[in-house]
2 protein chains.
Amino acid sequence: MAKAQKPTINDVARLSGVSKKTVSRVINKSPLLNQATREKVEAVIAQLDYVPNPQARALALRRNFLIGLIHDNPNAQMVLGVQEGILDTIRSTEFALVVRPVDRHSPTLLDDIHRFIEQQRLYGVMLLPPLSENDELARLCRDLGCTVVRMGSARLDDEAHLVASNDQEAVSEAVAWLAELGHTRIGFIAGPDGFRSARERELGFIAGMGRAGLTIDPALLARGNYQFESGHAAGQHLLGTATPPTAIFASNDEMAAGVLHAACERGLRVPHDLSIIGFDDTAIAAHIWPPLTTVRWPIRAMARTAALKLTRPETAARDAAFFPSELVRRASAVRAPS
Amino acid sequence: MAKAQKPTINDVARLSGVSKKTVSRVINKSPLLNQATREKVEAVIAQLDYVPNPQARALALRRNFLIGLIHDNPNAQMVLGVQEGILDTIRSTEFALVVRPVDRHSPTLLDDIHRFIEQQRLYGVMLLPPLSENDELARLCRDLGCTVVRMGSARLDDEAHLVASNDQEAVSEAVAWLAELGHTRIGFIAGPDGFRSARERELGFIAGMGRAGLTIDPALLARGNYQFESGHAAGQHLLGTATPPTAIFASNDEMAAGVLHAACERGLRVPHDLSIIGFDDTAIAAHIWPPLTTVRWPIRAMARTAALKLTRPETAARDAAFFPSELVRRASAVRAPS
DNA sequence: ACGCGGCTGGAAACCGGTGTCAAAACCCGA
DNA sequence: TCGGGTTTTGACACCGGTTTCCAGCCGCGT
């Protein structure tokens with residue numbers, strides 16, 4: 001550990017007999033540069049094992065090589081998946097990931113985020129649902145000079161990048177699967193009002209029922225807020241009706257777990273008496289009993305793509321990237337009781 | 001948005017009629033400063049709504065106001081809890097949180113982290129288990145000039161801060177609870193070899209059994225790696241013995257869920273035929289059926305304290321902070337079958 | 001009245017990069 | 001050989017703070 005100091009751009013310049021500016025040009029891959037000079041400087045850089053100081057760059061460029069992950073997401077599995085996906089992309093770059101969990105109901109939300117972005121001079125920000133559905137927030141980030149990627153929202157904003165999965169089709173497929181298993185009385189638990197993902201999944205349910213030639217019984221519709229308790233309540237409600245459903249689709253896994261609780265409390269056997277399907281394939285899906293049939297969407301891969309869009313805005317087209325979801329068939333959905 | 005520019009230290013200096021240096025002294029609360037001057041400058045700062053530029057500070061100080069969270073933790077719930085706890089503490093400060101999930105088995109781990117810390121010029125780093133048990137890693141961080149907080153490791157390193165819960169006592173209490181419920185054949189699934197937390201919980205089990213006057217049957221001991229599958233396998237093994245246990249303590253919730261699966265597969269009814277207790281009180285504990293009796297430790301509060309130690313090394317004593325865990329009694333542990 | 005040490009506060013250099021702009025070097029045909 | 005146009009390169013200011021070093025001012029002892 002006798003290493004004196006990290007080499008600076010000045011060291012490189014001196015050793016290769018050029019000016020700082022030229023070294024800077026090499027680093028930034030400026031095109032107007034003699035090939036021979038470039039190679040000479042690159043050799044010195046390699047020899048010294050020189051790495052530009054990000055803090056100095058940040059100061060000069062008024063922009064930090066940080067990408068911010070802003071979220072208010074109850075789904076730990078998903079948030080962590082996103083973090084890992086982003087890291088996959090930026091691990092060997094100069095970028096770093098800074099996270100900022102927030103409370104989306106805080107009245108000072110916009111101010112806080114404004115301050116945060118300005119302070120850290122973020123390069124780009126990534127918004128997770130449900131925050132990604134907040135247009136005002138996206139605009140703020142953009143106005144502050146960040147590239148923005150919104151995840152999982154289904155509308156194409158003209159200025160922000162978008163990375164989404166196709167929830168609607170996936171739910172439709174899940175419903176088709178239930179129909180194929182012989183279910184006709186299928187209950188549906190929607191996500192909270194105002195969430196685009198919730199709306200998409202709802203539309204998927206309607207489409208799926210239509211395609212299967214089934215009618216939708218309004219008595220079999222309920223709404224939750226993506227949290228366990230709300231799924232539990234909705235399940236109790238649905239199962240307490242005169243002619244209860246033989247299958248329930250919940251708009252996310254957590255609510256599906258709630259439904260399972262409700263069923264168990266009533267002495268129903270799952271899946272024998274009631275089939276359940278969830279959405280997200282979070283850790284809980286595979287770990288409850290019976291293992292939950294659910295829809296998996298490739299969080300980590302999506303985050304990788306999103307990070308690419310953030311860190312190489314020039315490379316990535318400013319268009320929506322859609323990722324296919326996949327129905328994971330487990331034991332919680334079986335043939336309808338006859 | 002007609003705001004011209006963010007005010008700089010020069011603006012403050014000019015408006016208050018002093019030099020940059022004096023302003024800098026005010027910001028850094030230097031003690032050798034005339035009270036009148038200080039107040040004058042502070043007034044201008046408030047009036048301009050001036051915030052020092054962190055990038056410039058980072059450059060000058062050779063140290064960024066970033067704290068790094070380094071982890072390789074399969075427990076999303078816990079990692080996110082830590083992130084939130086840290087944010088609780090640093091939200092209104094100039095600090096930001098940068099995360100770095102890593103692979104603890106990577107041969108380049110130390111190099112990667114070395115580069116990472118050096119590049120970002122981290123102020124402090126926080127190590128989560130199992131990484132927090134890596135002495136070499138902790139030393140590296142320290143040598144690089146970071147304050148270090150290790151979470152959940154039970155040994156006091158003389159140079160790093162430590163924030164831990166008292167796993168041993170908590171497990172002991174859980175075992176006492178099972179004994180009180182009339183269980184005598186109690187199985188134990190240990191965590192992976194080499195994990196301090198695993199060792200602590202093991203010791204807690206032994207102590208608890210001893211205190212309850214029960215003997216430990218080696219046939220009822222198994223080992224997992226904190227993941228679902230290993231708990232599942234261990235459960236199958238334990239339940240397949242000639243005289244299976246009536247209760248099983250798993251060293252974390254995920255493995256407990258695995259045990260539950262194993263029991264269900266064998267047609268056992270939980271908790272009627274088998275009581276199960278887990279550890280961590282992650283989301284899954286409350287969401288499986290039956291709800292899991294488990295040990296809860298105050299992750300978020302611990303992370304808050306840890307962040308305090310990191311950002312105010314001068315305030316916080318360099319000693320271990322211990323947090324009490326609590327047994328959460330749910331439906332998965334009941335009176336032993338007679 | 002004078003000299004001296006302790007505080008305050010300012011000028012200028014510095015941290016390690018990037019932008020501007022003009023000079024130097026090079027190319028080619030006339 | 002020269003002029004004009006096109007690269008290529010370097011000098012220098014700048015980003016917004018901190019640090020070093022020194023001058024000015026003060027009160028105080030003699």
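FYI, side chains are in, hydrogens and waters are out, and symmetry mates aren't considered; it's all heavy atoms of this structure. Below, read A as the first sequence line, B as the second, and so on, with proteins coming before strands; counting in each chain starts at 1. Quick caveat, the model's predicted, so the values are computed rather than measured.
- Not a single donor-acceptor pair under 3.5 Å links the side chain of A:R104 to the backbone N or O of A:N134.
- Within the structure, a side-chain polar atom (N or O) of A:T37 is placed less than 4.0 Å from OP1 or OP2 of D:dT9.
- What separates CZ of B:R57 from C1' of D:dC15 is a distance of 16 Å, to the nearest Å.
- Here the side chain of B:N10 pairs no donor or acceptor atom with the backbone of B:K20 at under 3.5 angstrom.
- At C:dT18, one or more side-chain N or O atoms of A:S24 fall inside 4.0 Å of OP1 or OP2 (strictly under the cut-off).
- Each of D:dT9, D:dT18, D:dG17 was ranked by its minimum atom distance to the side chain of B:L61; first place goes to D:dT18.
- Of the possible polar contacts, none joining the B:D143 side chain to the B:L140 backbone as a donor-acceptor pair under 3.5 Å is found.
- The closest side-chain donor-acceptor pair between A:N28 and A:R57 falls under 3.5 angstrom.
- The listed nucleotides are C:dG16, D:dG10, D:dT19; the one nearest the side chain of A:N53 is C:dG16.
- Relative orientation of the B:F65 and B:F95 rings is perpendicular, given thresholds of 30° and 60° on the angle between their planes.
- Between the CD atom of B:Q35 and the P atom of C:dT8 there is a distance of 11 Å, given to the nearest Å.
- Across all strands, A:L33 comes closer than 4.0 Å only to sugar-phosphate atoms, never to a base (heavy-atom distances).
- Protein atom CZ of B:R63 is 12 Å distant from nucleotide atom P of D:dT19, rounded to whole Å.
- Screening A:R150, A:R142, A:R196 for a salt bridge (charged side-chain N to carboxylate O under 4.0 Å, His left out) involving A:D135 leaves a single residue, A:R150.
- The side chain of B:T22 places an N or O atom within less than 4.0 Å of a non-bridging phosphate oxygen (OP1 or OP2) of C:dG10.
- The interatomic distance linking B:N10 (CG) with C:dG10 (C1') rounds to 13 Å, in whole Å.
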Extract all donor-acceptor atom pairs below 3.5 Å that involve side chains of residues 105-112 of chain A and protein atoms in other chains or at least two apart in sequence.
{"from": "A:S106", "atom 1": "OG", "to": "A:T108", "atom 2": "N", "distance (Å)": "3.1"}
{"from": "A:S106", "atom 1": "OG", "to": "A:T108", "atom 2": "OG1", "distance (Å)": "3.0"}
{"from": "A:T108", "atom 1": "OG1", "to": "A:D112", "atom 2": "OD2", "distance (Å)": "3.0"}
{"from": "A:D112", "atom 1": "OD1", "to": "A:R115", "atom 2": "NH2", "distance (Å)": "3.4"}

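- Candidate nucleotides D:dT8, C:dC21, C:dG17 were compared by shortest atom distance to the side chain of A:R25, and C:dC21 ranks first.
- B:V23 comes within 4.0 angstrom of nothing in the nucleic acid, heavy atoms only.
- As a whole-Å value, the separation of A:N34 CG from D:dT6 P is 19 Å.
- Taking only side-chain nitrogens and oxygens, A:T8 never comes nearer than 4.0 Å to OP1 or OP2 of C:dG16.
- Atom CZ in B:R62 sits roughly 6 Å away from atom C1' in C:dC15 (whole-Å rounding).
- Comparing the axis of the opening five pairs of the helix from C:dA1-D:dT30 to C:dA30-D:dT1 with that of the closing five pairs yields an angle of 60°, rounded to 10°.
- Nearest nucleotide to the side chain of A:K20, out of D:dG17, C:dG17, D:dT8: C:dG17.
- A donor-acceptor pair under 3.5 Å is absent between the side-chain atoms of A:S165 and the main chain of A:F323, judged by distance alone.
- Between A:K29 atom NZ and C:dT18 atom C1' the separation is 16 Å, expressed in whole Å.
- Rounded to an integer number of Å, the gap from NZ of A:K21 to P of C:dT18 is 7 Å.
- Across the interface with DNA chain C, nearest-nucleotide mapping of B:A60 and B:V18 shows B:V18 to be the residue nearer the 5′ end.
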